[in-house]
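These notes are about the structure you will find just below.
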Protein chains: 2
Amino acid sequence: MDAPLLDIAEVARRSGLAPSALRYYEKRGLITADGRNGLRRTYRPGVLERLTMITCARSAGLSIAEIHRFVVARPSDADLRARMTARADDLDEQIGRLTRLRDSLRHASVCAHEPIVDCPDFRRAVGNVPREHGTADADTPPAPAPPV
Amino acid sequence: MDAPLLDIAEVARRSGLAPSALRYYEKRGLITADGRNGLRRTYRPGVLERLTMITCARSAGLSIAEIHRFVVARPSDADLRARMTARADDLDEQIGRLTRLRDSLRHASVCAHEPIVDCPDFRRAVGNVPREHGTADADTPPAPAPPV
DNA sequence: CCTTGACTTGAAGCGCGGTTGAAGTCGCAG
DNA sequence: CTGCGACTTCAACCGCGCTTCAAGTCAAGG
């Protein structure tokens, strides 16, 4: 069974990440090199899947630290399982926001309002339901910007 | 018609953003204060909707600079309309990624793999379809991490 | 063996998105 | 009128996620 080990340049090329980023991820514990050939890192091909997952999670707004927690997780870690479901719930909300923003952008791109972003339809889609007269709502304990 | 102007503290409270962030957004051209009472900024209530939109866009990964472009856009700006639809397409992809990541997290939270993130189901859901034997694919010109 | 050049390390630097601090201004209650 | 404290500005600073640089190592080709 050949396990054709990859060097860092190859992994960089296939993953689309810079070598410096790969070293950085290793330092932060997100990936591990299989071994060394002299000084040079050698990677198992599986690292590519790991990197795809990491890139995906990063694009979802997860911090390196949080991804690290998932990566080092052992099945017995009930605490982490809770974090995972919590994260999944966060993602649900974010998916909703993104969907609304996407729809708003699509509308804005064909609408004729002066500052385009102030189009009522745009705003409604983003999630604003402007009060009909004035600001009737006393206080709005707002969604406190999720500290990713 | 009363337009009950708001002071920065009120806007901060209702928007959930720090006053410093509001000043920063103003400096970057994302919002404008209606006027001043002495030195103090006064805001029209409409700024709150603007801020909701901004927060939404930020959470979607748009940079301040890009939001600024949308904010200053005039309907005649065809170039910008193109950017908007392009952004909407980006968001579609991102929504897909997030959905997969969410499903993966939900699965991982009930699965018993050693490094949980290496569960085959998890990886498949994130978008990896590991080759059956070895890495048969010669080169993988990869998704070049969208430079948000 | 000798060169070459891709790799190694650690530290410093960068851009972003704000926050913090110092020093000053001023609306408003008393 | 006086004083308090919430506002103002501007510059410096911070954490994150890398990138860049300088200096060194070493595998492999000639």
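Every chain is numbered from 1, with letters handed out A, B, ... down the list of sequences.
Going from atom OG of A:S104 over to atom CZ of B:F70 covers 11.5 Å, rounded to the nearest 0.5 Å. From B:Y25, atom OH reaches atom CG of B:L51 across 8.0 Å, with rounding to the nearest 0.5 Å.
Neither A:L39 nor A:I8 shares a network with the other; the hydrophobic side chains, linked directly or stepwise wherever heavy atoms of I, L, V, M, F, W or Y lie under 4.5 Å apart, form separate groups for each.
In this structure a side-chain-to-backbone donor-acceptor pair under 3.5 Å is present from A:D7 to A:E10. Side-chain N or O atoms of B:R100 include none that pairs as donor or acceptor with a backbone N or O of B:I95 at under 3.5 Å.
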Checklist outcome for this item: Under a 4.0 Å heavy-atom criterion, the protein footprint on nucleotides 6-19 of chain D, written with B, S and -, is BSBB-------BBB
Please produce a list of atom pairs where a protein N or O lies less than 3.5 Å from an N or O of nucleotides 1-3 of chain C.
none

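A donor and an acceptor atom, one from each side chain of A:R97 and B:S59, are located under 3.5 Å apart.
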Checklist entry - After noting the C-alpha distance and the side-chain angles of B:D79 and B:R83, does the key distance pass the salt bridge (charged side-chain N to carboxylate O under 4.0 Å, His left out) rule? => result CA-CA 7 Å; B:D79 189 49; B:R83 263 206 308 273; 3.5 Å; yes
Next on the checklist: I'd like to know whether B:R106 forms a salt bridge (charged side-chain N to carboxylate O under 4.0 Å, His left out) with A:D89, so could you lay out the CA-CA distance, the side-chain angles of the two residues, the decisive distance to 0.1 Å, and finally the verdict.
Outcome noted: CA-CA 9 Å; B:R106 289 214 197 287; A:D89 292 346; 3.2 Å; yes
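One interatomic measurement links the two molecules: NE2 of B:H68 to C1' of C:dC16, which rounds to 16 Å at whole-angstrom precision.
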